[in-house]
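Written out below as structure tokens is the structure these notes cover.
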There are 2 protein chains.
Amino acid sequence: MRSSTKPDALTKAEETRSRILAAALELFRRRGFDETTMREIAAEAGVALGSAYYYFASKEALVMAFYAQASKEMSARIETRLAETKGLENQLRAILDVKFEYFAPNRLFLGALSRHAADPHNPLSPFSAETAHIRELDLQHFAAALRGSRIAIPKSLAPYLPNLIWLYQMGLILFWISDRSPGQIRTRQLRDKSLSLLVTALKLAGFPLLRPLRKKIVDLLTAIEADT
Amino acid sequence: MRSSTKPDALTKAEETRSRILAAALELFRRRGFDETTMREIAAEAGVALGSAYYYFASKEALVMAFYAQASKEMSARIETRLAETKGLENQLRAILDVKFEYFAPNRLFLGALSRHAADPHNPLSPFSAETAHIRELDLQHFAAALRGSRIAIPKSLAPYLPNLIWLYQMGLILFWISDRSPGQIRTRQLRDKSLSLLVTALKLAGFPLLRPLRKKIVDLLTAIEADT
DNA sequence: GTCTATATCGGGATAGAC
DNA sequence: GTCTATCCCGATATAGAC
């Protein structure tokens, strides 16, 4: 518990903890996740190996701490940007921009983590139960952008859209992580073209002739959602 | 090189090699990939640790050998099934069936490997350069099914379809790998509904009113394909 | 409660004798 | 081509100083 005599300062323990986390992230960024050892992290933070383990039960726990911090910081930025931006496509782009900007220095690091991305049962996966609260925050941003949009979205489809767009965004991020084109130009192209496609598709979604297709899509989404 | 005096029998070396591979796969299936150690594999195969490494440079190499074997065996089965099946949807389902049947005993094992799935630069990823020849075989099956179909597919879209369907199939397999519903019922539902959706979408693809959407899709696909 | 120092283990990979 | 003996190193457990 925080000492009640210094409510504004970090306690010694909190200071040590955040120094260890900072050292870990610095090394993860510089050398990648797998290559960084707990011994190096402890050395970089100026503590003994045992201390590092005292604060973080595993290397994995350091990653979870990173997730929490990133989610919190990005969420604030996203809310600011959404308030200054008009139009669904622009708002979605704004969300993506915040993420890419924030993640840019961590691309190598995230690349190592993406190994776990495909396994929803791995705690580090963006699909896992352990990261559910982070996902939830993201979903709220997407839902807000959709609510503010003037595009008429079919009622049957609407409940699934935040999740679908979240998934789309994860796909883009995964693509970006292993995009080796200079400055990740290809991801930028993909982002622009796919965003434009997405918005066009949403505009067409209510079109009567597409009813059978829409029905099949909703049917599919319902089946997937069943429990998860 | 194989001894020319016994063209039909396995040489001793080949026998040892395949015994090691069989032991490895058996253990991978039973206990999972990470949990299985090279020491156990050697013991199960009745050879020394060093011998296992003589035949397979790493645990990873054992996986690549599994891939090669699986690809070869499934390819033969798929060709048989395609010859007996009519209609695009049925043919696609036939291909998926062969894969799921073949992979069924290896679900746990594949689950551990799926960690690498998201990283195209990892040799074990289905997207990697090292697995390109396996992917190529798959693509040919999908291309054959599409060629044999009576559905009129827009010229602009056609070249991308085998790749797209291959990607769709990978998505299904990834879903299946971590599908914990009894008997993987949910994957079966998803397979049926998504196949039906896919075929419906292909039938509608040439529809004139969808031209702007189609154009955007082709545009997107072209950008992605650019080099990779 | 916070942290250091040290010991031990598990497992991938390799060297070199035979 | 097969073995034994090691190397190396990340991870973990623990005893105990402060």
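The residues B:D179 and B:R107 are annotated as not salt-bridged, no charged nitrogen and carboxylate oxygen being separated by less than 4.0 angstrom. Note on B:D97 versus B:R191: salt bridge recorded, some NZ/NE/NH1/NH2 to OD/OE distance being below 4.0 Å.
If you take OH of B:Y54 and C1' of C:dA13, they are 17 Å apart, rounded to a whole angstrom. The distance between atom OH of A:Y53 and atom P of C:dT4, rounded to the nearest whole Å, is 15 Å. Taking atom OH of B:Y55 as the reference point, atom P of C:dA13 lies 19 Å away to the nearest angstrom. Whole-Å rounding puts the A:R17 CZ to C:dG1 P distance at 16 Å. Residue A:L62 contributes atom CG, which lies 12 Å from atom P of D:dT12 at whole-angstrom precision. If you take CG of B:D34 and C1' of D:dG10, they are 15 Å apart, rounded to a whole angstrom. Rounded to an integer number of Å, the gap from CG of A:L49 to P of D:dA11 is 9 Å. Atom-to-atom, CD1 of A:I41 to P of C:dC3 comes out at 16 Å; the value is rounded to the nearest Å.
In terms of position along DNA chain C, the nucleotide closest to A:V47 lies nearer the 5' end than the nucleotide closest to the other residue of the pair A:V47 and B:E60.
For A:S51, no side-chain nitrogen or oxygen approaches OP1 or OP2 of C:dT2 to under 4.0 Å. Applying the 4.0 Å criterion to OP1 and OP2 of C:dC3, one finds that A:T16 has a side-chain N or O inside that range. At C:dA13, none of the side-chain N or O atoms of B:K59 fall inside 4.0 Å of OP1 or OP2 (strictly under the cut-off).
The base of C:dG10 is not paired with the side chain of B:R39 by any donor and acceptor separated by under 3.5 Å.
No side-chain heavy atom of B:R186 sits less than 4.5 Å from a side-chain heavy atom of B:R180.
Interatomic distance, A:Q169 CD to A:L195 CG, rounded to the nearest 0.5 Å: 11.0 Å.
Within the nucleic acid shown, B:T36 comes within 4.0 Å of sugar-phosphate atoms alone, with no base atom in reach, counting heavy atoms only.
Two rings, from B:F66 and B:F109, have their centers less than 6.0 Å apart.
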